[in-house]
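Read the structure below first, then the notes.
Both backbone and side-chain heavy atoms feed into the values below; hydrogens, waters and symmetry mates do not.
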Amino acid sequence: MNRSVAFLAIITAALPAATPALAAPIVAAGPMIIPDSGDTGWLLASLCIGLLAAIPGICLLTIGGHGRVAALRILTAVTAAMALATLLFFVVGYTLVFDLAGGPWIGANSNWMLGAMGTVREGTTLPETGFVLFQLGFILIAVALLAALLAPRARPGWLLGFSALWMMLVLVPIMRWTWGGGWLAEMGAMDNAGGLVIFYTTAVSAFVAMVLIGRKKEAETPASDHGLRLIGALLLLAGMAAMAGGSSLGASDNAAVAMLTIVTAGMTGALTSAALNRRLNASALATGMVAGVVASATAGDGISIGSAWLTGAIAAIVVHVAPRLVPKRFAWQDSDGSGVTIAAAAKTGGLLFALFLAFAPFGGSGYGEGMTMGSQFIAQLAAILAIAGWSIFGTLVAALMAGLALPMRAEE
């Protein structure tokens, strides 16, 4: 216990010790800009529904994959990791991602401790405090997924420290590069609702951590509960549909299209997976549904319903084949296949988005200024490679740093 407390003290001390004085509010001439109440209400409702569905969905997915005996360990790890991630995001994470004065790699410290916040977030009709809360939702989904995937085999104290370090070393920079106006965003890479930033980053990192920790003994691995996995997949579908709708940052047609895309791809993925397995069982439906949801999260409101069908179906096919392509010396580490499933689906969706974004013939929202199908594909591929590379490097650093204080593996 003393070592856990000491390790958390080290993490806290690693943050800048002095809090800069908050900037004085700027009083501009002319009428005051007031946030749109409808857009704000939609954003907050999307966040609440998204978290109420997605977090339990993630927990049930992993509990179903590892057996109910792992339920308490998973729920405890997820709750603790989310609590620490919330505090870190409010103190320093938000400003490092979304500070407007920062550079292409990392943000500045203008909004340290959520200070010097604007009345309206620039480029939106939303209060900046509401924008902060919504972005926290994506942080919590990522951290919950990471903790849930590793909890059955990792030591609780190590996992708590690792999740905090991982958030700051891996997730925050990647969010800056894509959603904070960083270098990937500047070259045209897009991710509307977290397919690459949240799911791909987390899945790659979780797989690397699994290899470092090692697999549990077969005698310690109980039978899976596919019924719980299917319930978890349905909740994840509902949660990510709500988060995708909120990602449009307004109560508009774009929000409805984003939700339709997630639902369509998820349902198509479920049926495709069942057809590939030639059985209408819970496991196949859950796997395909998760594949469709994760793959379509990158697209959000950027593709048509027909393209969402294709995205869900292709993602389910890729996920069906992907485990056979992973080298056996690594594949056995991912005992329930969650890491491979999510990573393969996210990468597939990220690349398909470059194709289906075309207005003709796919009915997408169209490419940005100066972008073509080829340049969009290159930008998406660059994002996938950069995210994978940084996730591997940052995970190794975070895991080894946490391992200096506590062993990785849960006690036998």
Side-chain angles (χ1 to χ4, degrees), residues 1 3-8 11-12 51-89 93 136-171 198-199 201-217 220-222 224-225 228-229 232 235-236 239 333-339 342 391 394-395 398-403 405-412:
M1 181 63 183
R3 297 181 69 186
S4 300
V5 173
F7 180 57
L8 291 179
I11 296 176
T12 305
L51 290 183
L52 283 173
I55 301 302
I58 289 171
C59 292
L60 289 176
L61 271 171
T62 49
I63 291 171
H66 292 277
R68 299 190 184 188
V69 68
L72 185 59
R73 178 183 289 270
I74 290 173
L75 292 173
T76 302
V78 167
T79 302
M82 289 195 302
L84 187 53
T86 299
L87 300 181
L88 287 173
F89 186 66
L136 172 66
F138 284 113
I139 291 282
L140 294 182
I141 289 172
V143 171
L145 180 59
L146 181 76
L149 290 174
L150 299 181
R153 70 185 76 191
R155 188 183 181 97
W158 175 87
L159 181 55
L160 181 59
F162 168 72
S163 64
L165 290 168
W166 174 82
M167 172 190 158
M168 298 305 301
L169 293 175
V170 178
L171 186 59
I198 302 303
F199 288 107
T201 300
T202 306
V204 171
S205 296
F207 190 79
V208 172
M210 288 175 188
V211 173
L212 292 175
I213 298 169
R215 186 181 179 185
K216 295 175 67 176
K217 294 179 180 179
E220 299 172 350
T221 305
S224 301
D225 189 325
L228 287 182
R229 291 191 69 231
L235 286 172
L236 184 64
Q333 302 286 355
D334 189 14
S335 57
D336 65 341
S338 298
I342 294 173
S391 296
T395 300
L400 295 176
M401 287 178 64
L406 291 168
M408 297 180 188
R409 281 184 63 91
E411 295 180 352
E412 299 293 331

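Taking every heavy atom of both residues into account, Gly57 and Leu235 meet most closely at CA-CB, 3.6 Å. When all heavy atoms of Leu149 and Ala206 are compared, the closest pair comes out as CD1-CB, 3.6 Å. Closest approach of Ile58 to Ala144, counting heavy atoms only: CG2-O, 4.0 Å. Here the closest heavy-atom approach between residue Ala402 and residue Gly161 is recorded as CB-C, 4.4 Å. Nearest approach of Ala81 to Ala147, heavy atoms of both residues: CB-CB, 4.0 Å. The shortest heavy-atom contact between Met82 and Val143 is N-CG1, 4.1 Å.
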_side-chain contact (heavy atoms from CB on, under 4.5 Å) between Met408 and Phe162, intermediate numbers included_ = CA-CA 9 Å; Met408 297 180 188; Phe162 168 72; over 6 Å; no
*Going through the checks in order, is the side-chain contact (heavy atoms from CB on, under 4.5 Å) test met by Met167 and Leu146?*
CA-CA 10 Å; Met167 172 190 158; Leu146 181 76; over 6 Å; no
*Show the numbers, then the answer: is there a side-chain contact (heavy atoms from CB on, under 4.5 Å) between Leu75 and Cys59?*
CA-CA 7 Å; Leu75 292 173; Cys59 292; 3.8 Å; yes
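The backbone N or O of Pro156 sits nowhere less than 3.5 Å from a side-chain atom of Arg73 that would complete a donor-acceptor pair.
Within the 4.5 Å cutoff, no side-chain heavy atoms of Asp225 are placed close to those of Ile63.
Partners of Ala142 under the side-chain contact (heavy atoms from CB on, under 4.5 Å) rule, at least two apart in sequence or in another chain, are Trp166, Leu171, Ile198, Thr202.
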